[in-house]
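Since the structure comes first, as structure tokens, the remarks are kept for the end.
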Protein chains: 2
Amino acid sequence: MYLEREKLINFLKENGISPSPQRMQIYEYIATHDTHPTADEIYGAVYKKIPSLSKTTVYNTVRVLAEIGLINELTIDGTEIRYDADTRTHAHFKCTQCGRIFDISDGFDGNFSPELGKNELNLEGHTVRFKQLYYYGICRDCRENSN
Amino acid sequence: MYLEREKLINFLKENGISPSPQRMQIYEYIATHDTHPTADEIYGAVYKKIPSLSKTTVYNTVRVLAEIGLINELTIDGTEIRYDADTRTHAHFKCTQCGRIFDISDGFDGNFSPELGKNELNLEGHTVRFKQLYYYGICRDCRENSN
DNA sequence: TTCAATGCAAATTTTTTGCAAAGTC
DNA sequence: GACTTTGCAAAAAATTTGCATTGAA
């Protein structure tokens, strides 16, 4: 589902950016954690492997990775940006109690077109490049724990 | 579509919060501007009518208004929260060129259930209270101006 | 006079910017 | 050697917090 090392290196090179250890590790961390980490969380984890890492590099890298479409930015929170290496269109659910963000494979009505993101669409005269669907509520765990 | 003065006062009182001039003006500003203003923009505008206004009061007020459901928070941007007094479920389109945010009356596929927000829904075991659909792209004006 | 609401100042959090040092082709 | 990438430090932007003052019932 996510790019493996070989393909990642090629994809980066095709887009004119070099596969530095920092970039490889940052992408790998995002791709292997479905927690939709923030820049700070990415930094905290990758720092253990590359102690010289700076937050500036994390911010630079996630911007570059988002620009070439390797990851998506999630703005489900108003005050921090989260990153997702699963670039197939899917929705997200945020539990307002525990704060966790869950992937939702499809809109609840079965109509959250999974093909968007590849094709441009026209919406009331505007050209759509991308969309995000966010749900908010109480997750299963929090609901059951409160019983 | 938006609460007029009388109803606003009653609604605030019903929810145990007093209809102070600050709260009235802040709600009125959001309700009469479809620009989805940020706290800073609200402050800049309401400050002209209430020069003693502080940003803390703006932040306090928008939190309270959101809690009682008078306004919605938009997190279409990752780094700032915008406010919308139209609490009917509808989508938003953000132009990545000019930065403006447009109301979209309905999802492009006609299936963005307008009744959500009133009824709770179950989604893969989680309890949904609220949802937001955000589109990103180039607005009509920007597209035509670039020709 | 009690409690809620406001406002100032400082602190916190997230992200961005300027620039020098290090690495790459 | 030119160009890219990194990392530090400082700045900027958005939001929150502590607390004293004001205002209303």
Side-chain angles (χ1 to χ4, degrees), chain A residues 8-10 12-27 29-30 36-68 70-71 73-83 96 99 101, chain B residues 8-9 12-27 29-30 35-68 70-71 73-83 96 99 101:
Chain A
L8 172 58
I9 291 175
N10 286 336
L12 292 175
K13 285 183 180 170
E14 283 165 21
N15 282 276
I17 73 172
S18 68
S20 69
Q22 287 87 342
R23 286 168 177 162
M24 297 292 286
Q25 293 280 339
I26 288 170
Y27 176 78
Y29 180 79
I30 301 171
H36 315 91
T38 63
D40 193 61
E41 288 163 358
I42 296 165
Y43 172 77
V46 178
Y47 172 83
K48 291 173 188 159
K49 299 201 169 184
I50 307 178
S52 67
L53 184 67
S54 81
K55 267 194 193 171
T56 301
T57 298
V58 175
Y59 279 106
N60 284 340
T61 299
V62 291
R63 177 164 17 82
V64 167
L65 295 180
E67 277 169 7
I68 65 176
L70 262 184
I71 62 174
E73 299 183 335
L74 302 184
T75 65
I76 196 165
D77 248 284
T79 51
E80 63 186 8
I81 301 174
R82 293 179 168 274
Y83 298 93
T96 53
I101 293 166
Chain B
L8 172 59
I9 291 175
L12 291 176
K13 285 183 180 170
E14 283 166 21
N15 282 276
I17 73 171
S18 68
S20 68
Q22 288 86 343
R23 286 168 177 161
M24 298 292 287
Q25 293 280 339
I26 288 169
Y27 175 78
Y29 181 80
I30 302 171
T35 53
H36 314 92
T38 62
D40 193 61
E41 287 163 358
I42 296 165
Y43 172 77
V46 178
Y47 171 83
K48 290 173 189 159
K49 299 202 168 182
I50 306 179
S52 67
L53 184 69
S54 81
K55 266 193 192 172
T56 301
T57 297
V58 175
Y59 279 107
N60 285 340
T61 299
V62 291
R63 178 165 15 83
V64 167
L65 296 180
E67 276 168 8
I68 66 176
L70 261 184
I71 61 174
E73 298 185 335
L74 302 185
T75 65
I76 196 165
D77 248 284
T79 51
E80 63 186 8
I81 301 175
R82 293 178 169 274
Y83 299 93
T96 53
I101 293 166

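Treat the numbers as computed from the prediction; the structure is a model and nothing was measured. Naming convention: chains lettered A, B, ... in sequence-line order (proteins, then strands); numbering from 1 in each chain.
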Taking the side chain from [X] and the backbone from [Y], do they hold a donor-acceptor pair closer than 3.5 Å?
X: A:Arg82; Y: A:Leu74; result: no
X: A:Arg23; Y: A:Thr61; result: no
X: B:Thr75; Y: A:Thr75; result: yes

Notebook entry, point to check: Which part of the nucleic acid, if any, lies within contact of B:Thr38, taking any heavy atom under 4.0 Å across all strands shown: a base, the sugar-phosphate backbone alone, or nothing?
Noted result: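 It contacts nothing in the nucleic acid.
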Without decimals, in angstroms, what is the distance between [X] [atom1] and [N] [atom2]?
X: A:Arg63; N: C:dT15; atom1: CZ; atom2: P; answer: 12 Å
X: A:Met24; N: C:dT24; atom1: CE; atom2: P; answer: 14 Å
X: B:Tyr47; N: C:dC8; atom1: OH; atom2: C1'; answer: 13 Å

Next item on the list: Between B:Arg23 and B:Gly78, just flag the one whose closest nucleotide in DNA chain C comes earlier from the 5' side.
Entry: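 Result: B:Arg23.
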Next item on the list: Considering only heavy atoms of chain A and a distance under 4.0 Å, specify the first and last nucleotide of DNA chain D in 5' to 3' order that meet this criterion.
Entry: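 On DNA chain D, the outermost contacted nucleotides are D:dT5 to D:dT15.
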Qualifying residues under side chain to side chain donor-acceptor pair (under 3.5 Å), relative to [X], sequence neighbours excluded:
X: A:Asn15; result: none
X: B:Thr96; result: none
X: A:Gln22; result: none

Item checked: Working for side-chain contact (heavy atoms from CB on, under 4.5 Å), residues A:Leu12 and A:Leu70 -> CA-CA 9 Å; A:Leu12 292 175; A:Leu70 262 184; 4.0 Å; yes
Notebook entry, point to check: Does A:Ser20 have a side-chain nitrogen or oxygen under 4.0 Å from the phosphate oxygens OP1 or OP2 of C:dT24?
Noted result: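 For C:dT24, neither OP1 nor OP2 has a side-chain N or O of A:Ser20 closer than 4.0 Å.
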Name every donor-acceptor pair, under 3.5 Å, that has one atom in a side chain of residues 39-51 of chain A and the other anywhere in the protein, sequence neighbours excluded.
| residue | atom | partner | partner atom | Å |
| --- | --- | --- | --- | --- |
| A:Asp40 | OD1 | A:Lys55 | NZ | 2.6 |
| A:Glu41 | OE1 | A:Thr38 | N | 3.0 |

Item checked: Stretch residues 51-60 of chain A: residues that reach within less than 4.0 Å of DNA chain C through a heavy atom ->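 Listed by number, they are A:Thr56, A:Tyr59.
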